[in-house]
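All heavy atoms count here, side chains included; hydrogens, waters and symmetry mates do not. Owing to the predicted nature of the structure, the values given are computational and were not obtained by experimental measurement.
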Amino acid sequence: MSAERYNPREMEPHWQKVWDQNQSFVSSNDDPRERYYVLEMFPYPSGRIHMGHVRNYSMGDVVARYHRARGKNVLHPMGWDAFGLPAENAAIERKTHPGTWTRQNIGAMKAQLKSMGLAIDWTREIATCEPEYYQHQQALFIDMLAADLITRKKSKVNWDPVDMTVLANEQVIDGKGWRSGAPVEQRELTQWFFKISDYAEDLLDGLDGLTEWPEKVRLMQRNWIGKSEGMRLLFELTGAQQTSATSIDVFTTRPDTIFGASFIALSPDHQLTGELALNNPALTAFVAECHQLGTATEALEKAEKKGLFTGLHVKHPVIEGATLPVYVANFVLMEYGTGAIFGCPAHDQRDLDFARKYDLPVVPVVLPPGVDADTFTVTNDAYVDGGTIFNSGFLTGLTIDAAKQQVAEYFGARRVDGQAQGKVEVNYRLRDWGISRQRYWGCPIPVIHCEVCGTIAVPKKDLPVVLPEDVSFDRPGNALDHHPTWKHVNCHQCGGAATRETDTMDTFVDSSWYFARFTAPNAKTPTDPKAANEWLPVDQYIGGVEHAILHLLYSRFFTRAMKATGHVAMNEPFKGLFTQGMVTHETYKSAEGDWVPPTDIVLETFGEGRRAKHFKTGQPITIGSVEKMSKSKKNVVDPDEIVATYGADTARWFMLSDSPPERDVQWTESGVEGASRFQQRIWRLVGETIEIVKQSAAIAVVSDDSEAVALRKVAHRAVHQISGDIEGLRFNRAVAQIYELTNALVRTAGIAAAAPASRIAALTDGVERLIQLLAPMMPHLAETCWQALGKSGLVADAPWPSVDPAMLVDDEVIIPIQVNGKRRGEITVPKGTPVAEIERQVLSMEVIARMLDGNPPKKLVIVPDRIVNVVI
RNA sequence: GCGGGCGUGGUGGAAUGGUAGACACACAGGACUUAAAAUCCUGAGAGGGUAUCCUCGUGCGGGUUCGAGCCCCGCCGCCCGCACCA
């Protein structure tokens, strides 16, 4: 065999073309075989793929190719999350249309993805910005509107002043817009909302069934939904009424502490607060102060508990003749519960801080276990743990749970303003999903506003409501709203003048159902329910953990909404979820403190140390910390350059090796070099094997010698282990196993020229298996080797190698011998050697005899086939 | 503050309660070569003896066990998520 190096630059495009021509990865909805749907989170077409994409799609591709080899009908599609603000910003900067920019980017990125050799069914490609896609989203909207899953209401919303649009709660991170990073302001606007909160309980329950999701993500969603069980209580106002209200409605999770109540606090945004402020300048000023603090966000942690007495009192509901003062307090949120609380300072830290500041009574009503009622006091720390209720009239002596039940019965029976004074209630932190965005580059909301008929949905026959092409971004704000004619229509009901809704949908709507569209991308309706129900839920979904709440929660809601409107039959979109880690790289800084890209660096090693200098100027460069690849720190590596230099297989292989997939992986030049060397090593091994076979072709195989059997065992074991590792997404371990198999085969090939035919047969068999194991990870190299080995067809179409269970069993085992838990030797015995025989051998060992020094062992632990421990 | 995760050689990391450090990267030595690259071989947790023998060793301190990186209790450190949620 010639010493020719494997040339990925030549072979990779070749095999990509072959797969394309053979339609190797096109999946059919009519294929009767078992289905497997693997999906990676589809990319936003920003212009170029980055290493995070390479990692993500390499993992998904291994899963897809593996299950294909396992004989399944695999669906592995790709699309584009193509609406979004960057396109509008680019349009402004480049004086082009957002669609032009987006479609160019899609073209460029598609070429990049193709160069990776992914086993993708490109016939199902979708882009959310095309009417072919979003018309169906509009149809879904109309169905959801009819099913009362959507509402339009005026409410306080998060306004991003930089992106000039509204954001959903989930899209505000630390008080800042998730994309712009600008501090979010509060505005009162009329908006479209998906009623996700109607599904709060169901979304929570559903998490229990998602056993193939990371526990971490389930927990984050659980916390986000934020269920709390408690009671709603009415407190009657006393005295002459200065207000329209006669009572105050509060929510509490601790009705058992009602006897310890010492004040009522209203949110600054409470309706009653507003009413009182009209005639109370001090209160007006206080409310304004709260709002200022509120929008400044953060630092809330240290913000002092502050309040202002309103002059109002309520009757204490359980202590006859007692009253409680009503305050407005800065820490009470209007968005949670009823916007009003009762304060029980002894058992809530926040209430205690407030009570100390305003000198309000602190009455303990929960007695910690084993503490004497006479000596128990609360000073600076509220007691929030369990105990027995005391100081509490008819509740005294009860447990907390029993007291809660008693209070519920007691207040349930009493009437205030004609209604029950108290009722059990469950509250959720989850708010409805506001989807109106004041932007052009999004899916138009298919609704018109008619003065006569009101706000009504566009009839489905008039879909799609298409974005106008002739738009200008000269002015800030919503280009759709500024368009001279687009929004003016005649009402389809009365024929009168009407206007279109000019808000577009949040782009997270687009990604909330694309996985369903892939199952029938050309259907005339949003889904083909038959296809969707056969493919969904997605068997394995792979993406970044940053979508733990946003995209994954929305998609779970949307699937339920699609079920309610008859488009799919299941609740959950993703059966298995895997969240992969980020791709990181060292950072480099020049003496001037500027970030320097890795491509400008020359690294030198000297013994243990490393240093860097600039490749051109030779200036010393400081090696900084390892960070997520980002443009700002210039520590990015361009996939295109890696593919051009080393080939796609090398990049894929490196992304799968070393680090466990859920953890961050550090991109290093030496790591890539290593991956590339391994590629050549495989190619040499194949070449040598072919050569060996050629020279010994005439010899017939009689039977395997022990060396040959040993080699076969290594190969079978590798297939067995790697199958399990791929199924468990432990790619780094699969890679290590492949290395081991390769090492064993290379060793054999090195001495096989003079070996018996049986060993050559075992070698050939092992190499073929190796190539098949390699195929999901380095598919181009594998095809090249497969062909070189003279195998017919494509390795991509070859069934996964079988495992002979007999090959997984060893007939001899090495048993380590410990003395007092420390390893002192080992014995090699036939598998299944009885305890008595092991004992005999162990006790006759020289080391053991020496250490026993004539005494019998105190204890002898023998686990057959595993280990022996001699206790002295 | 609440919740979750992690801590193993120079580095990334392996290890159903059973030989800690698989596999890889980096490093050192050697072979081949005029030389380099490539390739192949060898070495390596630390310390000592300096053949194949001993001691220590998975963040720290305890515990359970014949046996603990793994299980339990208490700390320390780092990372992530949520955060005035009544």
Q: Atom CH2 of A/Trp653 to atom C1' of B/C25: distance rounded to whole Å?
A: 14 Å
Q: Need one value for A/Val870: base, sugar-phosphate or nothing, where a base atom within 4.0 Å counts as base even if backbone is also close, heavy atoms only.
A: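 Nothing, no heavy atom under 4.0 Å.
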Q: Taking the six-membered ring for Trp, are A/Phe342 and A/Phe235 parallel (under 30°), tilted (30 to 60°) or perpendicular (over 60°)?
A: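 Rings of A/Phe342 and A/Phe235: tilted, as their planes differ by 30° to 60°.
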Q: Just checking A/Leu333: base, sugar-phosphate only, or nothing, at a heavy-atom cut-off of under 4.0 Å?
A: base
Q: Across the strands shown, which category fits A/Asn869 at heavy-atom distances under 4.0 angstrom: base, sugar-phosphate, nothing?
A: base
Q: Any idea which of B/U55, B/U19, B/A22 is nearest the A/Gln818 side chain?
A: B/U19
Q: Please determine which of A/Trp683, A/Trp653, A/Tyr6 meets the ring-ring contact (aromatic ring centres under 6.0 Å, His included) test together with A/Phe678.
A: A/Trp653
Q: Starting the side chain at C-beta, find the nucleotide from B/U19, B/C84, B/C82 nearest to A/Trp224.
A: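 Between B/U19, B/C84, B/C82, the one nearest the side chain of A/Trp224 would be B/C82.
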Q: With C1' as the reference atom in both, quote the distance from B/C70 to B/U19 in angstrom, rounded to an integer.
A: 16 Å
Q: Could you pick out which residue, A/Arg350 or A/Pro660, lies toward the 5' side of RNA chain B when each is mapped onto its nearest nucleotide?
A: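 So the residue in question is A/Pro660.
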Q: Could you work out the separation of B/U11 and B/C27 based on their C1' atoms and round it to a whole Å?
A: 11 Å
Q: Roughly how far apart, to the nearest Å, are B/U8 and B/G59 at atom P?
A: 6 Å
Q: Base, sugar-phosphate alone, or nothing: which one does A/Asn427 contact when heavy atoms must sit under 4.0 Å apart?
A: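 It contacts nothing in the nucleic acid.
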Q: Given the C1' atoms of B/G43 and B/G9, what is the spacing between them in whole Å?
A: 15 Å
Q: So if I take every side-chain heavy atom of A/Thr252 and compare against B/G12, B/C66, B/A86, which nucleotide ends up nearest?
A: B/A86
Q: Where the side chain of A/Ile867 is defined as all heavy atoms beyond and including C-beta, which of B/G18, B/C23, B/A86 is the nearest nucleotide?
A: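 In terms of side-chain proximity for A/Ile867, the closest of B/G18, B/C23, B/A86 is B/G18.
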Q: Can you say whether a donor on the side chain of A/Lys305 sits under 3.5 Å from an acceptor on the base of B/C84, or the other way round?
A: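 Side chain to base: pair present.
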Q: Once you round it to whole Å, what is the distance between P of B/C84 and NZ of A/Lys306?
A: 18 Å
Q: Any idea which of B/G18, B/G13, B/A26 is nearest the A/Ser670 side chain?
A: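 Shortest atom-to-atom distance from the side chain points to B/A26.
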Q: Taking only the P atom of each, what is the distance from B/A24 to B/A44 in whole angstrom?
A: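 Here B/A24 and B/A44 have their P atoms 15 Å from each other.
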Q: If you check the A/Arg823 side chain, which of B/A22, B/U19, B/A86 turns out closest?
A: B/U19
Q: Select base, sugar-phosphate, or nothing to describe what A/Arg431 touches, counting heavy atoms under 4.0 Å on all strands.
A: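 It contacts nothing in the nucleic acid.
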Q: Just how far, in rounded Å, is P of B/A86 from CZ of A/Arg232?
A: 15 Å
Q: Between the side chains of A/Gln666 and A/Thr668, is a donor N or O closer than 3.5 angstrom to an acceptor N or O?
A: no
Q: To the side chain of A/Arg429, which of B/A14, B/C82, B/A26 is closest?
A: B/C82
Q: Distance check, C1' atoms only: B/A20 and B/G69, in whole angstrom units.
A: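 One C1' to the other, the span is 8 Å.
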Q: Please report the distance separating the P of B/A37 from the corresponding atom of B/G47, rounded so that it comes out in whole Å.
A: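 Per the computed distance, 30 Å lies between those P atoms.
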Q: Base, sugar-phosphate, or nothing: which does A/Phe251 touch, judged by heavy atoms less than 4.0 Å apart?
A: base
Q: Specify whether A/Tyr554 and A/Trp433 have parallel, tilted or perpendicular ring planes, treating 30° as the upper limit for parallel and 60° as the lower limit for perpendicular.
A: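 Aromatic pair A/Tyr554/A/Trp433 classed parallel.
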Q: Could you check A/Gln666 against A/Ala675 and say which one's nearest nucleotide on RNA chain B is further toward the 5' end?
A: A/Gln666
Q: Going by distance alone, is a donor N or O of one side chain under 3.5 Å from an acceptor N or O of the other, for A/Asp432 and A/Ser197?
A: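 Judged by distance alone, the side chains do pair up.
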Q: Indicate, with a heavy-atom threshold strictly under 4.0 Å, whether A/Lys822 touches base, sugar-phosphate, or nothing.
A: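 Counting heavy atoms under 4.0 Å across all strands, the contact made by A/Lys822 is with sugar-phosphate only.
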Q: Regarding A/Asn743, tell me which of base, sugar-phosphate or nothing describes its non-hydrogen contacts under 4.0 Å with the strands shown.
A: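 Sugar-phosphate only.
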Q: For atom P, what is the distance between B/G30 and B/G12, given to the nearest Å?
A: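 Rounded to whole Å, the distance is 29 Å.
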Q: Under the 3.5 angstrom rule, does the side chain of A/Thr338 hit a backbone N or O of A/Asp249 as a donor-acceptor pair?
A: yes
Q: Using 30° and 60° as the class limits, which term best fits the ring planes of A/Phe259 and A/His316: parallel, tilted or perpendicular?
A: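 Tilted, since the angle between the ring planes falls between 30° and 60°.
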Q: Given atom CZ of A/Arg684 and atom C1' of B/C40, what is their separation to the nearest angstrom?
A: 9 Å
